[in-house]
Amino acid sequence: MQIACVGVVGCGLMGSGIAEVVARAGSDVVVVEADEVAAKAGLARIEKSVDTAVARGKLDAATGERVLGQLRVVSDFDALADRQLVIEAVPEVEQLKVATFKRLDDVVEHGDAVLASNTSSIPIMKLAMATRRPEHVLGLHFFNPVPVLPLVELVTSLLTGSDAAARAVSFAEDSLGKCVIRSQDRAGFIVNALLIPYLLSAIRMLESGFASAGDIDTGMVQGCAHPMGPLALTDLIGLDTTMAVAESLYTEFKEPLYAPPPMLSRMVEAGLLGRKTGRGFFDYER
Ligand code: CAA
């Protein structure tokens with residue numbers, strides 16, 4: 001079955017980017033948000049990104065219009081009924097993701113539809129077991145900003161069928177033009193298992209007074225040619241998401257290197273979540 005009708009659940013930072021790249025690839029996309037207000041904000045996020053791509057010459061104006069014409073952002077979960085692939089991108093909260101997979105199992109009618117999660121860290125088996133079709137559940141993990149970064153991690157659980165995995169890889173590589181790497185079903189998969197301890201180390205360095213935020217980031221940009229420093233990257237990912245991923249990793253492996261430092265916990269409690277709230281380790285115009 002060629003995947004032409006795609007659903008996305010959640011139109012935040014990741015969901016909006018995923019919806020945009022899927023529509024750019026020519027698929028029909030339905031995005032579901034929790035309510036009308038969130039749906040409107042999600043569509044505005046996609047429009048802004050498409051406008052940026054057109055302004056920077058990455059898309060021509062006609063293609064930009066076509067992309068927006070292929071997308072619907074709605075608040076009705078039942079609109080996912082006819083989808084051949086659904087990518088869940090709700091916040092990184094296990095109960096929320098489990099509840100979403102239960103609903104997807106009830107609503108999606110295609111018997112062999114692929115139900116994918118964009119989770120950064122939650123083991124896929126926990127989501128698969130919320131459904132009656134674990135053989136069709138897998139992880140398709142995109143990277144932020146989704147229209148810019150080419151990587152997708154494919155995560156298969158012990159119960160994922162080879163047919164669902166093959167269709168997901170073919171969609172990500174051939175339709176979306178992404179670079180796919182495969183990971184076993186362990187919290188954090190490949191990239192976050194490596195990235196999160198690095199980000200947490202930078203936060204511990206700042207917390208201990210070892211160096212300033214600016215100098216920590218400049219060190220990694222100027223000294224190691226990273227496109228951005230670890231604290232700016234944490235602001236981009238969102239401090240709440242970074243903390244949720246760290247907690248999943250810590251729960252899975254019980255290694256101190258994954259434990260969120262108190263400074264990160266306090267900032268999340270204070271609502272200083274990074275770019276999306278205008279303040280994290282650095283300040284941003286909103
Ligand atoms: N569509 C298409 N292209 C776009 C675009 C859009 N909506 N927005 C920006 N671009 C393009 C720009 O045109 C530019 O392309 P060229 O270099 O060819 O001109 C390029 O993307 C970079 O954009 P900017 O000039 O605006 O910004 P920048 O050069 O400062 O780069 C950045 C910004 C892309 C975020 C870069 O700093 C970067 O790659 N940082 C690292 C991000 C990263 O590590 N992300 C992974 C986070 S971890 C994650 O997501 C997973 C998780 O589970 C937590």
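Note that ligands are numbered from 1 as they come in the structure, with each ligand's atoms numbered from 1 the same way. Everything numeric here is computed off the predicted structure, so don't read it as measured data.
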Next item on the list: Note the single closest protein heavy atom to atom 7 (N) of ligand 1, along with its residue, its atom name and the distance in Å.
Entry: S49 OG, 2.9 Å
Note to self: Can you tell whether the side chains of K40 and D35 come within less than 4.0 Å, N to carboxylate O?
What the structure shows: no
Notebook entry, point to check: Which of these, V148, V245, L195, has its nearest heavy atom closest to atom 21 (O) of ligand 1?
Noted result: V148
Notebook entry, point to check: Should the heavy atoms of other residues, nucleotides or ligands under 6.0 Å from CG of L158 be counted, would the total exceed 12?
Noted result: no
Item checked: Test ring pair (Phe, Tyr, Trp, His ring centres under 6.0 Å) applied to Y258 and F253, Y250, Y198, the passing residue -> F253
Checklist line | Heavy-atom pair of closest approach, residues K276 and L273 | finding: CE-CB, 4.0 Å
Note to self: Is it true that, when you exclude Q184 itself, more than 12 heavy atoms of the residues, nucleotides or ligands shown sit nearer than 6.0 Å to its CD?
What the structure shows: no
Check: Quick one: CG on L13 to CD1 on I237, what's the gap to the nearest 0.5 Å?
Finding: 10.0 Å
Notebook entry, point to check: How long is the span from the CG atom in L104 to the NZ atom in K97, to the nearest 0.5 Å?
Noted result: 11.0 Å
Check: Which atoms from ligand 1 have a heavy atom of H141 less than 4.0 Å away?
Finding: 51 (C), 52 (C), 53 (O)
Check: For atom 51 (C) of ligand 1, which protein heavy atom lies nearest, and how many Å away is it?
Finding: F143 CD2, 3.4 Å
Note to self: Heavy-atom pairs closer than 4.0 Å: do any link ligand 1 to the side chain of N144, the backbone, both, or neither?
What the structure shows: both
Notebook entry, point to check: In this structure, which one of L233, L239, I216 forms a side-chain contact (heavy atoms from CB on, under 4.5 Å) with F281?
Noted result: L239
Item checked: Check: V73 and I46 side chains under 4.5 Å, non-hydrogen atoms -> yes
Checklist line | Which residue and heavy atom of the protein sit nearest atom 44 (O) of ligand 1, plus the separation | finding: L233 CD1, 3.5 Å
Notebook entry, point to check: Who gets closest to atom 23 (O) of ligand 1 by heavy atom: K48, K58, R56?
Noted result: R56
Next item on the list: Look up atom 42 (C) of ligand 1 and tell me if a protein heavy atom lies less than 4.0 Å from it?
Entry: yes
Check: If you count the non-hydrogen atoms of other residues, nucleotides and ligands that lie under 6.0 Å from CE in M129, is the total more than 12?
Finding: no
Note to self: Between ligand 1 and R24, can you find any atom pair, the residue atom being a heavy atom, that is separated by under 4.0 Å?
What the structure shows: yes
Item checked: Sub-4.0 Å protein heavy atom near atom 33 (C) of ligand 1 -> no
Notebook entry, point to check: What part of L149 sits under 4.0 Å from ligand 1 if we count only heavy atoms: the side chain, the backbone, both or neither?
Noted result: side chain
Next item on the list: Look at atom 54 (C) of ligand 1 and say which protein heavy atom is nearest, naming residue and atom and giving the distance to 0.1 Å.
Entry: I237 CG2, 3.6 Å
Item checked: Distance flag for atom 27 (O) of ligand 1, protein heavy atom under 4.0 Å -> no
Notebook entry, point to check: Would you find more than 12 non-hydrogen atoms of other residues, nucleotides or ligands less than 6.0 Å from R279 atom CZ?
Noted result: no
Note to self: Which residue and atom name correspond to the protein heavy atom nearest atom 36 (C) of ligand 1, and how close is it?
What the structure shows: P227 CB, 4.0 Å
Next item on the list: Please check atom 18 (O) of ligand 1 for a protein heavy-atom neighbour under 4.0 Å.
Entry: yes
Next item on the list: Looking only at distances, please establish whether an N/O atom of ligand 1 is found under 3.5 Å from an N/O atom of N192.
Entry: yes
Note to self: Would M14 count as a contact residue for ligand 1, given that I'm defining contact as a non-hydrogen atom of the residue lying under 4.0 Å from a ligand atom?
What the structure shows: no
Note to self: Please tell me if atom 13 (O) of ligand 1 is touched by the protein, where touching means a protein heavy-atom distance below 4.0 Å.
What the structure shows: yes
Item checked: E173, CD: over 12 other non-hydrogen atoms inside 6.0 angstrom -> yes
Checklist line | Contact bool for atom 4 (C) of ligand 1 (protein heavy atom, d < 4.0 Å) | finding: yes
Check: How far is atom 40 (N) of ligand 1 from its nearest protein heavy atom, and which residue and atom is that?
Finding: M228 SD, 3.0 Å
